[in-house]
2 protein chains.
Amino acid sequence: MSKSNNVYKDAYNRCLRLLDETKSLPSEPELGTLLGVSRTTVRSILARMEETGLIAWNKRSKTVLRTPRPDDFFPEEETDTLAEIIERSFMRRLLAGGAEAGMQINELELAREIGVGTTSVREFLIRFSRFGLIEKRRNSHWVLKGFTRAFALELTEIREMFELRSAAAFAALPEESPVWADLDRLEDEHRLLAREIASRFNEFSELDERFHRLIHRASHNRFIVDFYDVIAMIFHYHYQWNKAQERERNEVAVAEHLVYIAALKSRDLGKVDAACRKHLKSARNTLLTSIPEAGSRNVPDARRA
Amino acid sequence: MSKSNNVYKDAYNRCLRLLDETKSLPSEPELGTLLGVSRTTVRSILARMEETGLIAWNKRSKTVLRTPRPDDFFPEEETDTLAEIIERSFMRRLLAGGAEAGMQINELELAREIGVGTTSVREFLIRFSRFGLIEKRRNSHWVLKGFTRAFALELTEIREMFELRSAAAFAALPEESPVWADLDRLEDEHRLLAREIASRFNEFSELDERFHRLIHRASHNRFIVDFYDVIAMIFHYHYQWNKAQERERNEVAVAEHLVYIAALKSRDLGKVDAACRKHLKSARNTLLTSIPEAGSRNVPDARRA
DNA sequence: AAAATGTTTTTTCACGATAAAAGACATTAT
DNA sequence: ATAATGTCTTTTATCGTGAAAAAACATTTT
């Protein structure tokens with residue numbers, strides 16, 4: 001089992017959806033760009049579609065024979081990247097409790113438990129290390145620094161620094177910049193969500209990320225833009241984990257975003273600063289309340305991950 | 001050739017130096033902590049020292065028989081980590097010219113050229129990616145973003161943000177904090193270096209790093225502290241590369257550091273801010289002048305790394 | 001001749017294997 | 001009883017290998 005063909009399977013599923021919508025298929029290179037895969041993969045997809053009787057395929061003629069059925073799709077779990085699988089497993093262990101600061105992380109054990117090779121785990125840990133939650137001891141194990149209050153405070157300190165600067169840069173952008181149209185669209189989405197917040201509150205996290213990324217991009221600084229990956233990761237798992245008052249929290253956040261957007265559109269730096277500060281402060285508090293104080297948890301054995 | 005024993009060789013060399021200084025050897029565990037290696041490695045070292053007639057070794061009695069000769073040492077190049085070897089090779093290619101933005105980086109080619117496995121190269125590239133100079137295309141190659149003017153500006157923007165904040169935090173540290181003693185020591189080293197700048201100017205870069213790391217540590221923020229790795233890396237290679245007016249530049253920098261140190265000791269936030277700004281500005285200019293403008297270089301083929 | 005398809009080569013991704021190094025356990029010396 | 005040494009086990013670092021996927025090259029179609 002040297003490499004899973006999840007790229008193919010995922011692209012295949014997406015191609016089925018495309019087929020369902022458009023009832024036709026473009027040329028191989030075009031399909032490749034559309035799906036974000038190479039022509040090699042496209043041809044594998046087409047080959048299977050022919051096999052399963054979805055299309056008739058002869059050179060450039062691709063005739064749709066029938067609409068895709070649910071059982072045509074590959075199971076969702078087979079379309080995940082190894083990196084995603086490892087990340088999920090790792091984060092589950094991290095957040096499941098019993099994961100205290102100072103604990104050792106064992107590559108081999110992790111790999112065995114997840115059922116993957118050590119190389120993939122190693123590479124994941126190296127990538128993950130930039131989030132500041134783990135640290136490597138040379139020629140030895142990784143050490144978990146813990147998802148602590150200190151971590152949250154350090155993270156939000158940088159976030160506030162970066163976002164205040166980005167927001168100011170955003171407000172200073174010229175009228176012609178396309179970001180204003182992007183902002184308008186996001187504003188509309190916010191208004192829509194605000195109206196239907198009761199039923200759609202769980203869609204906020206995705207909107208939140210898009211909004212903040214738009215602002216950070218105005219900094220034109222790769223380190224600021226990249227840092228949002230850290231924030232996004234933390235908030236992603238935080239949302240999944242802390243469901244207390246989710247609706248209320250998101251309702252408040254949407255309202256704060258709207259004020260923030262209005263401030264940006266006013267180009268009034270004072271207003272921008274105030275709206276940004278206010279929103280980031282409540283975001284920080286939300287994060288902080290979900291982190292238990294050190295020592296208050298039930299920890300049977302803190303030596304091993 | 002599955003794993004080189006550079007840890008052993010490096011520790012062995014350091015142990016020889018220790019032997020030369022102290023004319024004696026402590027217990028195995030103690031030696032392990034001293035050298036920063038495990039007892040397993042310590043025992044290999046002792047075994048070889050016995051073999052080569054440096055010591056007589058019987059259980060806890062370790063008698064020094066002779067002083068180490070130059071040929072007792074392992075060659076320096078055999079003590080490097082694979083990661084160091086790869087980094088050097090990679091940076092040489094990067095700075096040797098012909099490394100233009102947009103160029104593709106080929107793991108296999110790099111590995112072959114350096115003479116190492118692909119895994120090590122992959123891991124290096126993943127670690128290196130946090131410096132913001134390269135970027136991964138999913139399931140495909142890495143892209144070189146280039147050591148450009150834009151990069152230098154983005155880097156220094158963050159540096160200035162972080163250092164101003166750290167310096168302010170530093171100045172606010174209580175009298176009892178041990179950092180003041182560290183600062184005093186660094187000040188002395190600066191004065192000493194200033195006096196002998198003509199002959200020792202090349203020692204500045206190491207002192208520079210220690211000084212700035214001390215300041216950044218006052219932020220008590222892992223993201224700020226970690227970011228200094230990016231700066232250190234860039235300046236490390238920059239120093240090796242741009243030797244123009246090195247003495248003058250370093251002389252100026254030492255003087256600026258002394259003003260900066262005085263400002264910190266005064267605890268006057270206004271002075272700290274001014275001294276920090278001034279120094280960072282000249283550091284930025286030094287960096288910028290060493291980056292050639294885009295298009296002004298002799299680039300035979302920019303498609304491949 | 002431009003863009004598609006067909007074919008071949010190269011590169012990436014992930015694994016298992018193995019030596020180096022760390023770590024754990026057992027035994028002996030002070 | 002504490003701390004060392006002696007021995008054994010586990011983990012990390014690195015490689016070579018092979019399938020998946022990308023990319024390059026050749027050929028055909030419009």
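So you know, we letter chains A, B, ... as the sequences are listed, proteins then strands, and number each from 1. Computed from heavy atoms alone, side chains included, the values below leave out hydrogens, waters and symmetry copies.
- Partners of B:F131 according to the ring pair (Phe, Tyr, Trp, His ring centres under 6.0 Å) rule, which considers only residues two or more places apart in sequence or in another chain, are B:F128.
- Taking atom CG on B:N6 and atom P on D:dC15, their separation rounds to 11 Å, with Å as the unit.
- The separation between B:D80 atom CG and D:dT14 atom C1' is 16 Å, rounded to whole Å.
- Between B:I105 atom CD1 and C:dT11 atom P there is a gap of 14 Å when expressed in whole angstrom units.
- Rounding to whole angstrom units, CD of residue A:E28 and C1' of D:dA22 are separated by 14 Å.
- In this structure, B:Y8 places its OH atom 18 Å from P of D:dT14, rounding to the nearest Å.
- The two residues B:D72 and B:T67 make their nearest non-hydrogen contact at OD2-O, 4.4 Å.
- Side-chain to base pairing of B:K3 with C:dT18: no donor and acceptor N or O lie closer than 3.5 Å to each other.
- The residue A:S140 sits close only to the backbone: its heavy atoms come under 4.0 Å of sugar-phosphate atoms, none of a base.
- On a pure distance criterion of 3.5 Å, no polar donor-acceptor pair joins the side chain of A:K59 and the base of D:dT29.
- Taking every side-chain heavy atom of A:R60 into account, C:dT5 is the closest of D:dA20, C:dT5, C:dC15.
- Here A:D226 does not pair with A:R130 in a salt bridge; the nearest charged N to carboxylate O distance is not below 4.0 Å.
- Within residues 81-89 of chain B, no residue has any heavy atom under 4.0 Å from DNA chain C.
- Closest to the side chain of B:H141, from the set D:dT12, D:dT5, D:dA23, is D:dA23.
- Rounded to whole angstrom, the span from the CD atom of A:E107 across to the P atom of C:dA21 amounts to 16 Å.
- Distance B:I126 CD1 to D:dT14 P: 14 Å, rounded to the nearest Å.
- Residue-level contact check: A:R137 touches neither bases nor backbone, having no heavy atom under 4.0 Å from any strand.
- Considering only the side chain of A:N139, C:dA22 comes nearest among C:dA24, C:dT12, C:dA22.
- Closest approach of A:P26 and A:K62 over heavy atoms only: O-NZ, 3.0 Å.
- Partner of B:E28 under the salt bridge (charged side-chain N to carboxylate O under 4.0 Å, His left out) criterion, out of B:K59, B:R43, B:R60: B:R43 alone.
- With distances taken from any side-chain atom of A:V7 to the nucleotides D:dA21, D:dT5, D:dA13, the minimum falls on D:dA21.
- The residues B:E135 and A:R222 are annotated as not salt-bridged, no charged nitrogen and carboxylate oxygen being separated by less than 4.0 angstrom.
- Of the candidates D:dT14, C:dA4, D:dA22, the closest approach to any side-chain atom of A:S27 belongs to C:dA4.
- There is no side-chain donor-acceptor pair under 3.5 Å between B:E206 and B:Y239.
- Comparing A:E30 and B:T40, the nucleotide of DNA chain C nearest to each residue sits closer to the 5' end for A:E30.
- Using a 4.0 Å heavy-atom distance criterion, B:K9 is classed as making no nucleic acid contact.
- We find that B:D229 and B:R213 are joined by a salt bridge, their nearest charged nitrogen and carboxylate oxygen being less than 4.0 Å apart.
- Atoms CG (B:N58) and P (C:dT30) sit 10 Å apart, rounded to a whole Å.
- If you check C:dA24, C:dT5, D:dT14 against the side chain of B:R39, the one that comes closest is C:dA24.
- Closest approach to the B:V116 side chain among C:dT30, C:dG23, D:dC15 is made by D:dC15 (side chain taken as heavy atoms from C-beta onward).
- Looking at which nucleotide of DNA chain D each of A:G36 and A:R122 is closest to, the 5′-most match is held by A:R122.
- OP1 or OP2 of C:dC13 sits under 4.0 Å from a side-chain N or O of B:K136.
- Candidate nucleotides C:dA20, D:dT5, D:dT14 were compared by shortest atom distance to the side chain of A:T118, and D:dT14 ranks first.
- At the phosphate of D:dT12, OP1 or OP2 sits under 4.0 Å from a side-chain N or O atom of A:N106.
- Across the helix from C:dA1-D:dT30 to C:dT30-D:dA1, the helix axis at one end is tilted relative to the axis at the other end by 30° (nearest 10 degrees, each axis from five pairs).
- Ring centroid separation for the pair B:Y237 and B:F147 does not come in under the 6.0 Å cut-off.
- Using a 4.0 Å heavy-atom distance criterion, B:T41 is classed as a sugar-phosphate-only contact.
- For the OP1/OP2 pair of D:dA22 and a distance below 4.0 Å, the side-chain nitrogens and oxygens of A:S38 include at least one atom meeting the criterion.
- Screening B:R137, B:E107, B:M103, B:R122 against B:W142 for a side-chain contact (heavy atoms from CB on, under 4.5 Å) leaves a single residue, B:E107.
- Of all heavy-atom pairs spanning B:L125 and B:I134, the tightest one is O-CD1, 3.5 Å.
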